[in-house]
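Let me begin by presenting the structure, written as structure tokens, before commenting on it.
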Amino acid sequence: MVSTNILSADSAVSLPDPTAHVDLPIEGMTCANCVRRVEKAVRKVDGVVEASVNFATRRASVTYMPERAGRQDVIRAIVDAGYEVPAPASRAPDAPAVDAAVPHDDAEDRELANARRDLVVSTVLTLPLLVLGMSHGLIPALEGSAGRSVQLVLATLVLAFPARRFFRSALAALRHRSADMNTLVALGVGSAWAYSTIAVLFPQLFPHAEHGHMPPVYFEAAGAIVTFVLLGKLLETRARKRLSDAVRGLVSLQPSIAHLVRAGGDEDVPVADLAPGDLVRVRPGERVPSDGRVVDGQSAVDESMLTGESMPVEKMDGASVFGGTLNQTGALTVRLTKTGADTALARIVKAVEEAQGSKAPIARLADVVSSIFVPIVLGIAVVSLAAWLLVDPSADGLATALQHFVAVLVIACPCALGLATPAAVAVGTGRGAELGVLVKGGAVLESASRVDTVLLDKTGTLTTGKPALTDVVAAEGWTEADLIQLAASVEQSSEHPVARAIIDGAKVRGIAISPASGFVSETGHGVRAMVGGRDVRLGIASWASSTRDASLEREAERLAALGRTPVFVAVDGAPAGVVAVADRPSPEARSAILALTELGIDTVMVSGDRRTTAEAVARELGITKVEAEVRPEDKARIVAEHRANGRVVAMVGDGINDAPALAGADVGIAIGHGADVAVSASDIALMQGGIAGLPRALKLARATLRTIRQNLFWAFIYNVVGIPIAAGALASFGWKLSPVLASAAMALSSVSVLANSLRLRGFARSA
């Protein structure tokens with residue numbers, strides 16, 4: 001269980017948190033080693049409790065103690081480590097208030113523009129390099145020293161401009177006594193360029209130069225390596241921008257302008273200027289600017305962006321409305337209760353962002369490997385260089401040794417390793433947000449992917465949460481319509497849930513309700529009233545009528561065994577029939593249970609209701625294991641017992657009544673009855689379709705973890721297979737890998753990891 005804040009934001013009671021939290025964008029990170037270096041630098045700051053850096057989203061999440069450290073201390077540590085923290089972009093006057101919860105796109109846009117520019121320049125310079133380097137005499141005018149000089153100029157321009165980012169970052173890493181992907185690229189490209197430059201400017205240093213044999217040069221390899229790496233960076237940056245599409249889509253739902261109600265009339269103001277207590281007017285076709293309560297007007301509001309329900313919700317005086325929802329039919333006057341980052345929409349955005357910025361425990365494998373990866377690669381490259389020079393110390397042997405040295409450095413760039421986990425988590429949580437499944441982090445996804453037992457609360461989780469008229473049994477001489485009409489007429493003066501169910505049942509069936517007089521409610525017995533001059537009673541059998549009807553009593557017993565609540569109806573002291581109400585299973589519950597069974601997950605109903613009622617609902621839904629008549633603390637005990645037996649347990653409930661059990665489960669899952677509860681009280685919140693979203697959430701978790709494993713496999717396999725080939729270990733079998741092909745393979749590894757992660761965008765596309 002990751003989140004222990006069980007109560008909603010409105011009802012939680014907790015001790016003041018002695019720590020503060022800050023999320024910072026970071027520029028300049030290029031691989032997993034950059035992540036480790038930033039985390040290490042920030043954690044050294046006195047007062048920092050925890051620091052986590054996400055490579056995919058380029059953001060640092062830092063928890064610190066305000067009395068010992070501050071935001072500027074954290075920023076200074078990041079800058080000292082060789083990276084940049086861009087200043088927050090200023091808000092435009094008409095920018096949505098919720099935008100404060102979302103990272104600005106300026107840094108990403110700038111990075112994308114720079115990557116595109118560098119790639120274009122590198123490509124323009126490298127294409128003639130490839131033509132010259134691979135012409136092999138086909139262009140006589142460019143043979144000899146003239147052609148080699150042109151290659152020197154072109155390659156120098158590549159290193160001086162498009163490739164300068166790698167050398168700058170490599171030097172920064174060197175200052176901090178570490179090495180990263182930039183170190184490998186800089187060493188590889190720099191070695192190829194330096195060797196080739198010496199061969200052009202000082203050919204006499206090579207043994208066969210006096211016989212007219214010009215030493216080989218690898219300018220085209222240096223240019224091609226830079227171009228391929230930059231191509232991979234461009235594709236990576238473009239793909240990373242797509243990771244936050246779900247968040248940005250949510251943010252765009254909030255309008256930028258609100259109609260503030262003033263004494264002299266409505267005034268249009270930026271949403272960012274609104275404050276709790278303000279009165280705003282929401283016209284038909286407009287979106288609600290912020291959370292509040294209706295004080296005037298009546299309308300239907302489309303809340304599908306929060307709840308996933310396609311049917312609009314009727315709103316009138318006192319009803320809650322949420323920022324970003326769409327007002328459809330009538331004008332509403334709303335008194336705001338929450339604004340800015342406190343709104344339901346902003347809280348959802350924040351939940352998704354925190355999820356995308358968090359790490360799954362499986363990421364520890366990549367972190368450990370990446371920490372020792374670069375030194376090992378450098379060692380392999382040096383050993384390869386020395387071994388080939390021992391085999392052939394001639395100029396040709398030096399060229400071959402240098403080829404293998406450069407190829408090893410280039411193919412081993414750990415970009416793919418650093419992207420494997422965060423890219424999948426970011427895409428998975430983003431897709432979940434689109435499907436109404438809010439997941440609070442990579443650790444939650446990993447735990448949810450291993451769930452094998454689901455404990456389900458009954459009321460409001462498997463059932464609709466409110467009673468409905470289910471059965472009508474009329475005595476001889478009465479019809480069902482007569483019975484419902486009389487019962488509803490009496491109950492119209494009552495506010496009891498059973499009364500509401502009977503009245504709603506009459507309305508659904510199109511049965512008119514007659515006037516009633518002399519309504520009396522007798523606690524423990526029932527209610528009575530005069531309807532059309534007749535004394536009509538509803539309640540227990542012995543009180544409702546003076547005579548018994550054995551067949552009706554048997555029907556009442558049968559209905560009670562099915563989990564219904566039977567109510568006897570008597571007219572003028574004679575039995576007229578029985579009506580029954582029950583909290584019915586939701587339409588989606590049975591299919592959800594079936595889907596969980598197909599996933600190999602055990603389901604257990606845990607309810608505080610009577611055993612007969614709970615077992616009746618369980619039978620109807622296909623649940624074979626029932627824990628009934630349990631108190632909240634008993635639910636927590638049941639969760640603990642299942643976990644003690646080695647089960648990975650998910651508890652599904654409403655986030656408040658089931659708080660102890662939610663806290664004790666491996667994964668707490670809330671049905672999204674209310675935005676605050678759904679976002680604050682659980683590890684996973686099902687915002688669309690109620691319980692129907694549960695199988696989807698667990699399938700998404702499994703798909704995400706499967707994608708992470710696939711990504712790690714591809715990231716490792718490229719290096720496991722590629723490094724020995726690049727080093728020349730398989731040269732005797734004819735398997736060789738030039739620096740150019742190594743750079744292409746390195747770029748392809750990062751692109752393959754990102755492309756594999758982005759396949760999660762198609763998860764449950766038909767849902």
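Ion pairing of Asp46 with Arg68 is present here, as a side-chain N (NZ or NE/NH1/NH2) and a carboxylate O approach within less than 4.0 Å. Ion pair Glu39/Arg36 not flagged as a salt bridge, since none of the NZ, NE, NH1 or NH2 atoms sits closer than 4.0 Å to an Asp/Glu carboxylate oxygen.
Side-chain contact check for Thr19 versus Glu50: every heavy-atom pair is 4.5 Å or farther apart. In this structure, Val200 and Phe219 have side chains that are in contact, with non-hydrogen atoms separated by less than 4.5 Å. Side chains of Thr704 and Ser449 form no contact here, defined as non-hydrogen atoms less than 4.5 Å apart. Residues Leu119 and Pro162 form no side-chain contact, since every pair of their non-hydrogen atoms from C-beta on lies 4.5 Å or further apart. For the pair Leu705 and Leu445, the minimum side-chain heavy-atom distance is 4.5 Å or more. Annotation: side chain of Ile26 is not in contact with side chain of Arg59 (no heavy-atom distance under 4.5 Å). Counting only heavy atoms from C-beta outward, the side chains of Tyr64 and Val22 approach each other to under 4.5 Å. In this structure the side chain of Arg759 reaches within 4.5 angstrom of the side chain of Asn756, judged on heavy atoms.
Atom CD in Glu434 sits 12.0 Å away from atom CZ in Phe763 (nearest 0.5 Å). With values rounded to the nearest 0.5 angstrom, Leu130 atom CG is found 9.5 Å from Gln151 atom CD. With values rounded to the nearest 0.5 angstrom, Arg148 atom CZ is found 10.0 Å from Leu201 atom CG. Note that CG of Leu385 is 13.5 Å distant from CD1 of Ile380, once rounded to the nearest 0.5 Å. In this structure, Leu129 CG and Leu154 CG are separated by 4.5 Å, a value rounded to the nearest 0.5 Å. One distance of note links CZ of Arg431 with CG of Leu758; it measures 12.5 Å at 0.5 Å rounding.
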Go through the steps for Val38 and Met29 under the test side chain to side chain contact (heavy atoms under 4.5 Å, CB included), then give the verdict. CA-CA 9 Å; Val38 174; Met29 293 194 302; 4.2 Å; yes
One pair to check against side-chain hydrogen bond (donor to acceptor under 3.5 Å, both in side chains): His404 and Ser384. What are the steps and the verdict? CA-CA 7 Å; His404 291 297; Ser384 174; 5.1 Å; no
Between Glu27 and Tyr83, does a side chain to side chain contact (heavy atoms under 4.5 Å, CB included) hold up when you go through it step by step? CA-CA 6 Å; Glu27 294 183 10; Tyr83 303 92; over 6 Å; no
Derivation of the side chain to side chain contact (heavy atoms under 4.5 Å, CB included) call for Asp73 and Arg76: CA-CA 5 Å; Asp73 297 317; Arg76 191 177 303 112; 3.0 Å; yes
Hey, mind stepping through Ser757 and Asn711 against side chain to side chain contact (heavy atoms under 4.5 Å, CB included) and telling me if it holds? CA-CA 8 Å; Ser757 298; Asn711 287 349; 2.8 Å; yes
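Across Ile198, Leu159, Val158, a single residue satisfies side-chain contact (heavy atoms from CB on, under 4.5 Å) together with Trp193, and that is Leu159.
Shown here for Ala77 and Val42, the closest heavy-atom pair between the two residues is CB-CA, 4.3 Å. Nearest approach of Val226 to Ser122, heavy atoms of both residues: CG1-OG, 3.7 Å. Smallest separation of non-hydrogen atoms from Pro86 and Glu84: CD-O, 3.7 Å. Shown here for Leu700 and Gly428, the closest heavy-atom pair between the two residues is CD2-O, 3.5 Å. Across every non-hydrogen atom of Trp714 and Ser752, the tightest pair is CB-OG, 4.5 Å. The nearest pair of heavy atoms linking Ala424 to Thr707 is CB-CG2, 4.0 Å.
For Trp388 (side chain) and Ala727 (main-chain N/O), a donor-acceptor pair under 3.5 Å exists by modelled atom type.
Checked by atom type, the side-chain pair Ser61/Ser52 shows no donor-acceptor distance below 3.5 Å.
Other residues, nucleotides and ligands contribute only 12 or fewer heavy atoms inside 6.0 Å of the CZ atom of Phe161.
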